[in-house]
Protein chains: 2
Amino acid sequence: MEQIIELGNAQLVEQGATGLSVRGIARGLGMVSSAIYRYVGSRDELLTLLISDAYADLADTVDAAVATAEAGTGGDPRARFLALGDAMCAWAITHPERWTLLYGTPVRDYSAPADTTNADGTRVMQVVLRIAADAAEQGDDGARVAPGEADLAPEVIALLESHLAEFGVETTPATEFAALTVWSSLVGVISAHVFGQLGADAAAIGERILDAQIRMLAELITRC
Amino acid sequence: MEQIIELGNAQLVEQGATGLSVRGIARGLGMVSSAIYRYVGSRDELLTLLISDAYADLADTVDAAVATAEAGTGGDPRARFLALGDAMCAWAITHPERWTLLYGTPVRDYSAPADTTNADGTRVMQVVLRIAADAAEQGDDGARVAPGEADLAPEVIALLESHLAEFGVETTPATEFAALTVWSSLVGVISAHVFGQLGADAAAIGERILDAQIRMLAELITRC
DNA sequence: CCACATTGAGAGCAGTGCTCACATTCCGGA
DNA sequence: TCCGGAATGTGAGCACTGCTCTCAATGTGG
């Protein structure tokens, strides 16, 4: 079982998600393909396992980086976000296929990262939320760029508040909204690089671009 | 030929990119599969055609929306960006599979959107750039959130300047950098919704969330 | 020691992308 | 008008995929 997801990850980094085949894994294990179905119900289920695995790995990496930054800088929100962004970015560049699996085209019949079976999918978002909450507490209200609570629809506020209760974070819905948007932006910025959407010449210096973009988003999250 | 990409788009909206098969298109055309290969070299080449088609459609839609907003508000950058974001968002929600084709997992052996064969891929980004340039010209320098030119690596500045020359837009590299980041953020925010990364309960009110996020990004782009 | 669950083998089905030799049809120049 | 070549479609076939089913071997607990 562990060998299956291990070999699955290996095939993933070699040929990407489309190249991952249960027959190939069976070959690698010296078995026949039908034997794999004793352990995993379908190819999509195998992909879901790999997704959960990747979510956990990414979240562990980010957690570790943020923890060291927190210890080193005394909990400065900006430094923590920079550590988070850099770690996320480095992980994505190191494991582009796994990043693609998480934030690229979703697998059919794979529900949502917020599912109970794989709560790891929301861990990074929660860290961003806590950073934003601390930043909002410390920061000055001047030069705010996030929308005020009056600009948010009631249903949106209700959903945000339910998330705050679920995650156990005390802050305003407006701050969580800003955190959510910054998180989506961070994913978008990294994906643009991993997916090569900026063109070939930008790919060569992509890490430098990403570095500056993360700093810009850090500037943004301190103004929520 | 036109029937092929027409039927290809139809199959795309029905079953997504993975469900698109040249045999299926052949069946829909009442031909045998090998006949398709007279017109298109491979399945990936067919996908590339559909990508170009989608890029052009998206850019046309956005252009039209921005043009009306420009005429209606006398060229206010914020209004233009809101029109752009709303149009892009509406297009993505109307054509989720085509959006996925553009900004989801890239197709193997599909070069870059900046390719000469499909320059439509950069059109929306260029519109964002022009809006940012106008906003930078009119706006006050106070409360800026974009990084200064001193914070950008020389290679990055060189690349940005070459883009400015290519697109014929006169502004600073720092402003273009901010525009690039806002564009990536916009794509990220929309993708998060289309790909369902925010969970099932968020999907129900996704459009309201997106609306507020676009307004937040509009606020951001007026401070570059 | 035996019943039973676990694990794997092997054949097979339906589907895919793609290639190649072959037939047909169309069309412009002699 | 004819004819040669280009364009277009056919059908068989290869290698591959996910997945199902039956059957045999191999443990393992009562």
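Below, read A as the first sequence line, B as the second, and so on, with proteins coming before strands; counting in each chain starts at 1. Since the structure is predicted, the reported quantities are computational estimates derived from the model, not experimental observations.
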*Asks:* The criterion is side-chain hydrogen bond (donor to acceptor under 3.5 Å, both in side chains); which residues satisfy it with A:Arg215, sequence neighbours excluded?
*Replies:* A:Asp211
*Asks:* For the OG1 atom of B:Thr105 and the OH atom of A:Tyr103, what is their distance to the nearest 0.5 Å?
*Replies:* 13.5 Å
*Asks:* So how far is it from A:Glu6 CD to A:Asp53 CG, rounded to the nearest 0.5 Å?
*Replies:* 10.0 Å
*Asks:* Roughly, in whole Å, what's the span from CZ in B:Arg23 to P in D:dT17?
*Replies:* 16 Å
*Asks:* Can you label the angle between the B:Trp91 ring and the B:His95 ring as parallel, tilted or perpendicular, going by 30° and 60°?
*Replies:* tilted
*Asks:* Go through DNA chain C in 5' to 3' direction and return only the first and the last nucleotide with some atom under 4.0 Å of chain A's heavy atoms.
*Replies:* C:dT7 to C:dG12
*Asks:* Please list, by residue number, the residues of residues 25-43 of chain B whose heavy atoms come closer than 4.0 Å to an atom of DNA chain C; answer none if no residue qualifies.
*Replies:* B:Arg27, B:Ser33, B:Ser34, B:Tyr37, B:Arg38, B:Ser42, B:Arg43
*Asks:* Roughly how far, to the nearest 0.5 Å, is the CG atom of B:Leu159 from the CG atom of B:Leu180?
*Replies:* 8.5 Å
*Asks:* Please identify which of these residues, B:Leu50, B:Val40, B:Ile25, meets the side-chain contact (heavy atoms from CB on, under 4.5 Å) condition with B:Ile5.
*Replies:* B:Leu50
*Asks:* List the steps, then state whether side-chain hydrogen bond (donor to acceptor under 3.5 Å, both in side chains) holds for B:Trp99 with B:Thr94.
*Replies:* CA-CA 9 Å; B:Trp99 175 271; B:Thr94 312; over 6 Å; no
*Asks:* How would you label the contact of B:Leu20 with the nucleic acid (heavy atoms, under 4.0 Å): base, sugar-phosphate, or nothing?
*Replies:* sugar-phosphate
*Asks:* How long is the straight-line distance from CG of A:Asp60 back to CG of A:Asp57, given to the nearest 0.5 Å?
*Replies:* 6.5 Å
